[in-house]
Amino acid sequence: MPKSFRLVLSVLVTCVIAATGLALTYGATAPRIEEQKRLAEQRSLEAVMPGATFETAGEADPLVAAAETAAAPVDFVALYRAFSDGQQVGWALRLASRGYAGPMQLVIGLDTSGSVTGVSILSMNETPGLGTKVKSEAWFIEQAGELQPGFTDADVRGTMDAISGATRSSNGVRNGVAAAGRIYLEVLAGEEGEAR
Amino acid sequence: MSDTAQHVTVGPSPHITSPATCTGIMLWVVAALVPVSVWAVVSMGWVAAQLLVVCIGTALATEAAWSALAKRPGTLTDGSALVTGLLLALSLPPRTPWWMAMVGALVAIGLGKMIFGGLGHNLFNPALVGRAFVTLSWAGVLAGGQWFKTLEASGAGLDAITGATRLGIAAADRVASGGYGFDLAAQYRPLLWQNLEGSLGEISAALLIAGGLLLIVKGIIDWRIPAGYIGTVALISWAFGSDPVFHVLAGGVMIGAFFMATDYVSSPMSKTGRLVYGIGCGLFNGLGRFVGSMPEATTYAILFMNGLAPLIDRMTRPKVFGVVKTRA
Amino acid sequence: MKEWYAAFRQGLSIENPLTVLMIGLCATLAVSTQVQNAVFMGFAVVFVLTMSNVIVSAFRRQIPTEVRIPIFIVVIASFVTIVDLSMNAFVPGIYQVLGIWIPLIVVNCVILGRAEAFAYHNRVSLSIADGLGMGIGYWSVIVLLAALRELFGTGRIVWFDTALVQLPSGYQPPGLLLLFPGAFLVFGFMIAGSRWANEKLEARKEARACRP
Amino acid sequence: MVVGNARFRGGVHPPERKEATSGLAVTRVPVPSRLVIPMSQHLGAPCAPVVAVGDHVRRGQLLGDVSAMVSAPVHASVSGTVSAIGPVLTTGGTRVAAVTIQPDEEQDLEAYVAVVVEGDDRDRVRAAGIVGMGGATFPSVVKLTPPKDLAIETVLLNGCECEPYLTCDERLMVESPERVVAGAQHIRDIVGAKRVVIAVEANKPAAVEALKAHTQEGVEIEVLPTRYPQGAEKQLIYAILGKEVPHGALPAATGALVHNVATAAAIADALEHGKPLMERIVTVTGAVARPGNYRVLIGTLVSDLIEFAGGLVGDVERVIAGGPMTGQALASLDVPVTKGTSGIVALAKGVAARAIDGDQPCIRCGRCPEACPMGLEPYILATYSGKRMWDAAAERNVIDCIECGVCSYVCPTKRPLLQLIRLGKSAAMSKGVK
Amino acid sequence: MSTVSQMALLFIGAALVNNILLTRFIGLCPFFGVSGNMETSLGMSLAVVFVMTMASSATWVVWQYVLEPLGVGEFLYIPAFILIIASLVQFVEMYLRKASPVLYRAMGIYLPLITTNCAVLAAATESAKPGFFKLNIALGSSLSLGEALVYTLGVSVGFGFALVTFAALRERLELAPVSRLFKGTPIAFITASLLSLAYIGFSGWFGL
């Protein structure tokens, strides 16, 4: 029937035009999206360990699987080795820890002795103005720098005070830092010996 | 003949009424709360008195102002604003800043009650609306420690625990180590008689129980709500392997079960409904303590069940005499 | 021109999609914790609304009535995807925060509603006016709501890490306004406020009309 | 005395206040200077007068009748001269036609014109003008003629007298138990029932004793807990038989027939002596100088009755015809006592309910649904009626309200619940809601 | 792989802790639109549970076996998902009309409304497309079909529960003498605000 044919055709034409248009848009934006992601990651890596260059540990790296186990219940995302002048100066960990509203992506830098060189929050869904204080109130994250090498979960709780009114967001960050401590003690400290 | 007719008035039947009045009921509630309030002032000092005065004063003023603005007859005399102000004060920690207490009372009466059309029309317990507003808005100021500390001077053997409530410490310990850092059974006495942490109304569980029983005996509140509430909290504490007595005495369970959840307007009407509602309050309060992130869940448990009250009412309508139950 | 202005004006006050028609609420309440987010969300809606109006209006003679709704949906969904991809590429921070709300613009009833009710029956220039009017009406409500919540909930309004407005330091912001009850609360008061303002306006109009 | 635990759902127990009159023997009120006998003292069609002004009538003579099924004839309660026929105010506050009689100087109250009729016992009950004397004034003959498909198994005599203040039924049971029992047997025989149960509330031990002393084969005495409205027909059937009268059905559907004890006694008099209903016991109590139980001629003015009882005392707010829960407040005391007037209660200020101005809020205390013997939710019915949401009220069974008044009684904010519910009920009835 | 307890958490997290209406503001149009009446909100809730579960499974399958393998998911998921939902609703409506008049009467008139209900699209997107699922449960980067189903069921039951609760509250609100300025929508919002205040009590339950 020509009538229904016309109907189907018009929908089809719309779909084809739309799909083509979107494919083109995607082609145009995709590289930039990737670039933005890379940049964001790069920025946060530099923030936790200024001046270093980073090398991602691949899936096959035995440390990755071990770190994943040590990180639990915090999610392990990626491990980077940090180099400065060709020398390994430490690691950066990318972790996903539970905040108040979904996971917070944290990047935590550790030097070879196991001290925290810096923490940056790559992304989070915390309530703007409340939970986001973990980022906007710099003193909170800076507390991580006071942790002694080889710190434990209890040390994190004892050293880092939570932001009042944003306890659960603070806990998200604290749990991430504690996980980094565990990963250092259980996984990375061994590698440090080898690296020397 | 005609002179007798003169002082006779007509009116619809019934021509006699029970002695119960709204104001009378409210005053009984106030009376049941007086011992706790007085004991709180005696134990905690003038900060407690100041809080009581600010809350009650603001509650009354808000009610009067709203009635005047809305050009409705004043309802100050029914005593409900007094009860709301008093309950709000009892649900706040003694060192709550005065302006915060004022905002709480303003919100309780304004947002919790008057905006819905005044007494009898509010859907949620006004005092709890005020308390939730204050605690959520200024969690930092309230929980930051400065308002809880400083009471150790009065020395009731509590030096070990300052800066947070027993419940808070119990919760934190449980999360950290799966156990408790202090002996729960040793807390019965202070919780029953003189507990200087937490809010004004938590000063003495014993006085709250006495007040609650008075209201039950006077037929003002239905025993089903507190019984269902407290019983369920105890049961849940036991199920989670904790001490039921401690959990029933600590925090807001007593004041919540006897005085907050039993608020007529925001609780169900039928007996079955009230039992269900009481159990619901206890369930969410108890679960909130063990699986939630806040040490105290009384406020939200009761507010949540307030929200469910109309639904419960709907499902527990009395059976009409002579009507065979059919699927409605 | 007068006609154009009338179509534009309609969205701003008389038929404001949010306060009067009460549709498209969800995103409004959800992203209104920060002016910054609300501004971008509003822009996204203005863009999709205007562009879909343009396309629907331009091809209104070619679109068969029987299948117009699926076609509208495809058109709208395409523009939403364009917004989705562009925001991801150019403002990734905002994109992160808005999250699911960008794809959900598709089901914002305002957009489908305008395509159906206005653009399908009017010429392109008027449809642009309608889209812009409705879009800006929506934009202003969402930004106003966000401004109220952010200002009173945090004590200041921040635009990309710079404080635009700052309340005196003695102000203790009630954080509740930033939580979800705050959204309902402030919006409820906003509607009551607009009602009050409308009444005053009507009263004044009447008073003027009565004057000889 | 064994108090049964048979009871109904809900109800209240207001202060009984019966002590002032419960021990006082019934005394006769002298013939007043004039009697006003309304032509409509029953539910149903009003009677047409069969006498004319100036006629001399004898005690017991027929004054008015009508052929309708639901009606009851009216008789002269004294010998005298008809001085006027015309509308008068009644206890119900309405104006109905009435025959005014100027009594003869000489009266023999023992003598009367006996009713003589062709036919069976039912016809005789009708001819004697007997109506429900508990207050409902439903013509008894109609009740004695249940639909053919409903078999009556039990006759219940209502001696509960659950209304506060009233003691007229109690005195009747104490002083003339044999008439009550005889009446019950007559009723049983007329409807072919097997069982007779006389129900008395526990606060009338003397009545229970007296009845027990005269109990006959097949007549049981059941003592019920004191609770208002125990005497309401549906509640009584439920308490005794455990059966609920189905919604929209006649009480007879449960196989039970309920009559007041005073009605039963009147039926006994009518059937055994042909005596028409010309007088009744009225409890005059409350704020009067000499409270008591008085045998009053139908047509005696309330003002005369109160005067005989020593007049009103103190600050009286309301004078009630009937009991304080269901009775009617009198706008004027110049109204006649009729067949349904069980009491005259003068309520002093402070005792009587206050009319409250304005819209009182419901505080949802839950007292009214708990007290409602019909399982209704008065608070919401009243709210619906107040907002003219008739359909919503009908949907929540407003029609089932028995107007006992316990909801208004218990309400702490003194909302006029019953008044509003009556509005909703009449709206539902006018829409034909069943 | 997920255990029974994880599934239970997923359900509770979706239904109560992250209630789609009261804590996430998704699907508010029907929340304020149909909640004036108990019967309608019951019908709507039923329809939403039904359609949402079907829609999520459908989008999950399409993402997993069509969009993702073809590499077009990133830019075609929005039109694809909304079209799937729209046609699904159409089919359900046609099927119900024929197969089950009872069910059709109960929720038929709400079905067209559901097409543009953002809750359905949101739940479908979150369960099908990786990167949108935000509950605090470690479940891997994307949900399995079973997880998607449990999650959607939780979302829709939470939706229905909140809707019915709110309808019951609004029935009482109808009878209240709310001042003129707040009558209707404003007071509904304030009620929603207080109800969502109660839901704050659930935040952090089971660490969700």
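Any value given below was found using the heavy atoms of this structure, including those in side chains, with hydrogens, waters and symmetry copies removed. Proteins get letters first, then strands, A, B, ... in listed order; numbering begins at 1 in each.
For D:Lys349, no part sits under 4.5 Å from any heavy atom of chain B, backbone or side chain. Looking at D:Glu403, neither its backbone nor its side chain comes within 4.5 Å of chain B, counting heavy atoms on both sides. Of the two parts of B:Ser80, neither the backbone nor the side chain holds a non-hydrogen atom closer than 4.5 Å to a non-hydrogen atom of chain D. Using a 4.5 Å cut-off between heavy atoms, D:Cys411 contacts chain B through its backbone alone, with no side-chain atom that close. Looking at B:Leu119, the atoms closer than 4.5 Å to chain D (heavy atoms on both sides) sit in the backbone and in the side chain alike. Interface residue D:Pro164: only side-chain heavy atoms are found under 4.5 Å from chain B.
Checking side-chain atoms of D:Ser408 against main-chain N and O of B:Pro14 turns up no donor-acceptor pair under 3.5 Å. A donor-acceptor contact shorter than 3.5 Å is absent between the side chain of D:Arg364 and the backbone of B:Pro268.
Using a 4.5 Å heavy-atom threshold, the side chains of B:Ile16 and D:Pro324 count as touching. Between B:His15 and D:Glu317, every side-chain heavy-atom pair lies at or beyond the 4.5 Å cut-off.
The SG atom of D:Cys365 lies 6.5 Å from the CE atom of B:Met269; values are rounded to the nearest 0.5 Å. Here CD of D:Glu370 is found 10.0 Å from OG of B:Ser270. Values are rounded to the nearest 0.5 Å. With rounding to the nearest 0.5 Å, the separation of OG in B:Ser13 from CD in D:Glu163 is 8.5 Å. Here the CE-OG1 distance, from D:Met325 to B:Thr17, works out to 9.5 Å after rounding to the nearest 0.5 Å. Separation of atoms CZ (B:Phe321) and CD (D:Gln235) is listed at 5.0 Å; rounding is to 0.5 Å. To the nearest 0.5 angstrom, D:Ile363 atom CD1 is 11.5 Å from B:His121 atom NE2.
When all heavy atoms are compared, the tightest approach of D:Gly375 to B:Pro318 is O-CG, 3.5 Å. Between D:Arg367 and B:Ile220, the shortest heavy-atom contact is NH2-CA, 4.2 Å. Residue D:Glu244 comes nearest to B:Gly322 through the heavy atom pair OE1-N, 2.6 Å, listed as atom of the first residue, atom of the second, then distance. Looking at every heavy atom in both residues, D:Arg422 comes nearest to B:Pro12 through NH1-CB, 4.4 Å. Here the closest non-hydrogen pair linking D:Thr413 and B:Cys22 is CG2-CB, 3.6 Å.
When the candidates D:Leu418, D:Val345, D:Val406 are compared by the number of heavy-atom contacts under 4.5 Å with chain B, D:Leu418 comes out ahead. With chain B as partner, the option from D:Pro369, D:Gly327, D:Pro361 having the largest number of non-hydrogen pairs under 4.5 angstrom is D:Gly327.
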Worked check of side chain to side chain contact (heavy atoms under 4.5 Å, CB included) between D:His247 and B:Val320: CA-CA 9 Å; D:His247 169 85; B:Val320 177; 5.7 Å; no

